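Every chain is numbered from 1 and lettered A, B, ... according to where its sequence line falls, protein lines coming before strand lines. Fair warning: this is a prediction, and the values are worked out from it, not measured in the lab.
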Amino acid sequence: MSVRVRYAPSPTGSPHVGNIRTALFNHLFARRHGGVHILRIEDTDRARLVEGCEDEIRESLRYVGVEWQEGDGVGGAHGPYRQSDRKEAGVYEPVWRRMLEEGSAYWAFDTPEELEEMREFQQINKKPTGYFGGVWRDADPAKADEARAAGKPGVVRLKVPRGETIVLDDAIRGRIEYDSNLVDDPVLIKADGMPTYHFAAMVDDRLMGITHVFRGEEWISSAPKHLVLFRSLGWEPPVFVHVPVIKGKDGAKLSKRHGDTACLDFRRAGYLSGALANFIALIGWAPGGDREVMSMDEMAEAFDLKGIQPSPGVFDLDKLNWMNGVYLRQTPTESLYAGAVDYARREETVGYWAKRVPGPGEVDPHVRLKGLRMLAEADPGYALEAVRLEQERVTTLADLGPACSFFFDEEPEFDPKAVEKWFHEPHVPRLLDHLATALETQDQTWTAEACESLVRGAAEALGLEKLGPAVHPTRVALTGRTVGPGLFELMAALGSDRMLARLKRARGKVGVGA
RNA sequence: GCCCCGGUGGUCUAGCGGUUAGGACGCCUCCCUUUCAAGGAGGAAAUCGCGGGUUCGAUUCCCGUCCGGGGUACCA
């Protein structure tokens with residue numbers, strides 16, 4: 001039997017990385033077994049619907065490279081793939097009607113107030129809370145008919161058998177037993193006629209031929225309800241794979257207060273698709289051995305349920321940063337440049353940084369955006385060189401902005417500390433003059449090699465024992481800072497005109513001749 | 001309260017009865033070097049939550065316990 005899995009988000013917000021990791025697992029598992037991955041939208045809760053977030057779901061999936069061969073947006077033989085549409089198409093009604101007839105489900109007409117009262121009573125008496133029958137579970141069918149005829153709002157509930165042990169064979173945790181006396185009768189069909197998750201998801205999984213259900217571990221406690229439902233209908237349940245949750249640094253489940261958690265936030269922050277996918281796959285899954293940096297192909301080949309962790313994992317941003325750096329350095333410079341330009345031009349990028357509150361020691365978001373904008377607008381040949389030189393020094397696409405800005409800003413700001421440190425040396429005016437004169441008088445292509453001999457020659461002419469005193473002030477004069485790419489490469493990229501202009505500007509800063 | 005799941009350095013993890021408990025991130029030191037990165041070499045960091053068993057031998061198996069998390073909805 002070939003593998004069919006599904007990612008079934010409910011459109012109540014932009015999916016966060018934990019959700020998307022579940023989608024990734026689905027994708028990896030389907031690929032590993034040559035199966036089909038389906039995208040199904042579970043929008044049965046009309047109250048929590050968030051407009052437009054179905055797009056964000058698809059965008060998030062595309063961003064991390066999760067593919068689906070069937071379902072929302074692509075169609076397939078088991079459609080429709082949105083539960084509200086399925087409800088309209090009448091796929092659920094025959095199923096629950098049949099359950100009603102067979103006695104595995106029943107109508108209940110308790111009011112919300114009555115249910116609330118019941119729960120309070122259970123709490124006070126230290127009984128398990130939940131609906132274990134009330135007056136309706138075993139009521140005379142005529143009584144239910146009567147209530148319906150009277151137009152009372154009612155729900156359909158699953159009749160969970162009592163006095164049994166329900167056994168779940170979880171794919172990563174093994175056997176889990178439940179006492180059916182502690183499993184309450186879940187609502188299958190709400191008073192508004194919409195099915196609940198407990199009903200719709202199971203029916204759809206069955207109808208769509210799903211073989212393995214990947215879902216968060218928060219579902220473990222309702223699994224017995226699902227098992228009972230399948231059994232009531234005479235259906236073979238799928239294999240349940242309850243994956244661990246992803247937590248924030250403080251140990252609590254990942255949420256807004258941990259900073260960026262929506263999958264798309266990471267795209268906005270400049271993380272590379274492959275790096276994020278690789279990183280989140282490794283929270284809760286390990287291929288065994290020491291493997292870490294892996295392409296999607298490699299992960300798909302290695303993916304195995306045995307490697308999934310039963311315990312929750314913490315999202316470690318430091319490690320993501322490291323991995324992003326690895327991917328970024330691996331990217332061919334041409335692609336990286338193209339990616340950076342695309343990134344810089346995205347509206348979401350601007351929106352993201354504009355709203356950003358910088359942490360301590362973090363580059364001012366507006367400076368970052370300015371650098372990004374300059375990079376995108378600069379001459380491609382020149383910008384490519386800038387990216388080439390900064391590629392191994394940055395961790396995200398966003399970092400490329402501030403890192404490269406001195407290439408494009410013809411009057412880069414002087415870092416006060418850099419000036420303090422290097423512009424007060426007595427030899428500096430002569431050094432800058434020497435370089436400027438050479439650039440003005442020698443008509444040649446200033447390759448990195450040529451620049452190196454220029455600087456070395458200057459150091460020698462000034463009687464400097466070491467290269468540092470020549471290199472550092474020159475760097476400050478040219479870039480305004482103390483850090484950056486190798487000086488000679490940087491000079492070659494800048495070209496003589498820029499160098500000359502900057503040398504002169506810096507000359508003014510260090511005072512009049514020596 | 002009741003039910004369920006989990007527990008290897010700070011973090012992600014390897015391990016699947018016998019290992020000096022391995023790797024990665026982060027941290028520290030050194031090397032490289034014109035700076036910063038990157039890279040290379042080292043280092044600190046885990047009584048495998050704790051207590052009992054089983055066993056010649058337990059991180060690995062069993063029980064208890066503590067701590068953390070989840071569920072306890074006409075939300076998913």
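Mapping Y131(A) and P244(A) onto RNA chain B by nearest heavy atom places P244(A) closer to the 5' end of the strand. Between V471(A) and S222(A), the residue anchored nearer the 5' end of RNA chain B, judged by the nucleotide with its closest heavy atom, is V471(A).
When heavy atoms are screened at a 4.0 angstrom cut-off, G313(A) is found touching the sugar-phosphate backbone but no base atom. Base engagement by K127(A) is indicated by at least one non-hydrogen atom pair under 4.0 Å involving a base atom. Contact annotation for P485(A): base contact, defined as any heavy-atom pair under 4.0 Å involving a base atom. Looking at heavy-atom distances under 4.0 Å, G325(A) makes no contact with the nucleic acid at all. Across all strands, D185(A) comes closer than 4.0 Å to no nucleic acid atom at all (heavy-atom distances). Among the atoms of the strands shown, only primed sugar atoms or phosphate atoms (P, OP1, OP2) are found under 4.0 Å from some heavy atom of S311(A). Across all strands shown, L487(A) has heavy atoms under 4.0 Å from base atoms, whether or not it also approaches the sugar-phosphate. In this structure, L320(A) reaches neither bases nor backbone, as no heavy-atom distance under 4.0 Å exists between it and the strands shown. Contacts of T482(A) with the nucleic acid, taken as non-hydrogen atoms under 4.0 Å apart, include base atoms. Residue V155(A) is classed as a base contact, given a heavy-atom separation below 4.0 Å to a base.
For the pair R157(A) and W136(A), the cation-pi criterion (under 6.0 Å, within 45° of the ring axis) is not fulfilled.
Checked by atom type, the side-chain pair T396(A)/N324(A) shows no donor-acceptor distance below 3.5 Å. Checked by atom type, the side-chain pair N19(A)/Y7(A) shows no donor-acceptor distance below 3.5 Å.
G39(B) atom P lies 12 Å from atom CZ of R393(A), rounded to whole Å. If you take CZ of F315(A) and P of C25(B), they are 17 Å apart, rounded to a whole angstrom. In this structure, K126(A) places its NZ atom 8 Å from P of G1(B), rounding to the nearest Å. Rounded to whole angstrom, the span from the CD atom of Q309(A) across to the C1' atom of C5(B) amounts to 14 Å. Across the protein-nucleic acid pair, L328(A) atom CG and A37(B) atom C1' stand 12 Å apart, rounded to whole Å. For the pair E292(A) CD and A24(B) P, the computed distance is 8 Å after rounding to whole Å. Across the protein-nucleic acid pair, E489(A) atom CD and C36(B) atom P stand 16 Å apart, rounded to whole Å. Between the CD1 atom of I283(A) and the P atom of G6(B) there is a distance of 20 Å, given to the nearest Å.
Comparing the same atom, C1', in C12(B) and in U72(B) gives a spacing of 32 Å after rounding to whole Å. Across C66(B) and G23(B), the matching P atoms stand 36 Å from one another, rounded to whole Å. Taking atom P on both nucleotides, G71(B) is separated from C75(B) by 15 Å, rounded to a whole Å. Rounded to the nearest Å, the gap between the P atom of G49(B) and that of A58(B) is 16 Å. The P atoms of G9(B) and U47(B) are separated by 7 Å, rounded to the nearest whole Å. With C1' as the reference atom, G1(B) and U11(B) are 35 Å apart, rounded to whole Å. If you take atom P in G6(B) and the same atom in G10(B), they sit 22 Å apart, rounded to whole Å. Using atom C1' as the reference point in both U13(B) and C50(B), the two lie 23 Å apart (nearest Å).
Nearest nucleotide to the R173(A) side chain, out of U34(B), C74(B), C5(B): C5(B). Looking at the side chain of R48(A), the nearest of the listed nucleotides C5(B), A76(B), A24(B) is A76(B). The side chain of D290(A) lies closest to G22(B) when the candidates are G22(B), C4(B), U34(B). Distance from the side chain of D45(A) is smallest to C75(B) among U11(B), C75(B), C74(B). The side chain of E217(A) lies closest to C5(B), out of C5(B), G23(B), C75(B). Distances from the side chain of T129(A) to the nucleotides U72(B), C2(B), U34(B) place U72(B) closest. Residue R329(A) places its side chain closer to A38(B) than to any other of C5(B), A38(B), C74(B). Of the candidate nucleotides G70(B), A14(B), C74(B), A14(B) has the atom nearest to the side chain of A286(A). When the nucleotides C5(B), C36(B), G6(B) are ranked by their closest atom to the side chain of V483(A), C36(B) comes out on top. Proximity note for E218(A) (side chain, C-beta onward) versus U72(B), A76(B), G23(B): the nearest is A76(B).
Remark: R119(A) is in phosphate contact with C74(B), judged by side-chain N or O atoms under 4.0 Å from OP1 or OP2. Contact check, T44(A) against A76(B): a side-chain N or O comes under 4.0 Å of OP1 or OP2. For the OP1/OP2 pair of C36(B) and a distance below 4.0 Å, the side-chain nitrogens and oxygens of R481(A) include no atom meeting the criterion. Distances shorter than 4.0 Å separate none of the side-chain N or O atoms of R291(A) from OP1 or OP2 on G23(B). Contact annotation: K190(A) reaches the phosphate of C75(B) (side-chain N/O to OP1 or OP2, under 4.0 Å).
Relative ring orientation between Y197(A) and W219(A) is described as parallel, the plane-to-plane angle staying below 30° on a 0-90° scale split at 30° and 60°. Aromatic ring orientation, F25(A) versus F303(A): tilted (interplanar angle from 30° to 60°).
Using N1 to N3 plus N6-O4 or O6-N4 for Watson-Crick, or N1-O2 and O6-N3 for G-U wobble, each under 3.5 Å, C2(B) pairs with G71(B). Remark: C50(B) base-pairs with G64(B); criterion is Watson-Crick or G-U wobble with both hydrogen-bond distances under 3.5 Å. With both pairing distances under 3.5 Å, U59(B) is matched to nothing as a Watson-Crick or G-U wobble pair.
Of all heavy-atom pairs spanning R291(A) and A302(A), the tightest one is NH2-CB, 3.4 Å. Shown here for F423(A) and A506(A), the closest heavy-atom pair between the two residues is CZ-CB, 4.1 Å.
Judged by distance alone, with hydrogens and angles left aside, the side-chain atoms of E56(A) form no donor-acceptor pair with the main-chain N or O of C53(A) at under 3.5 Å.
Using a 4.5 Å heavy-atom cutoff, the side chains of D170(A) and I172(A) are in contact.
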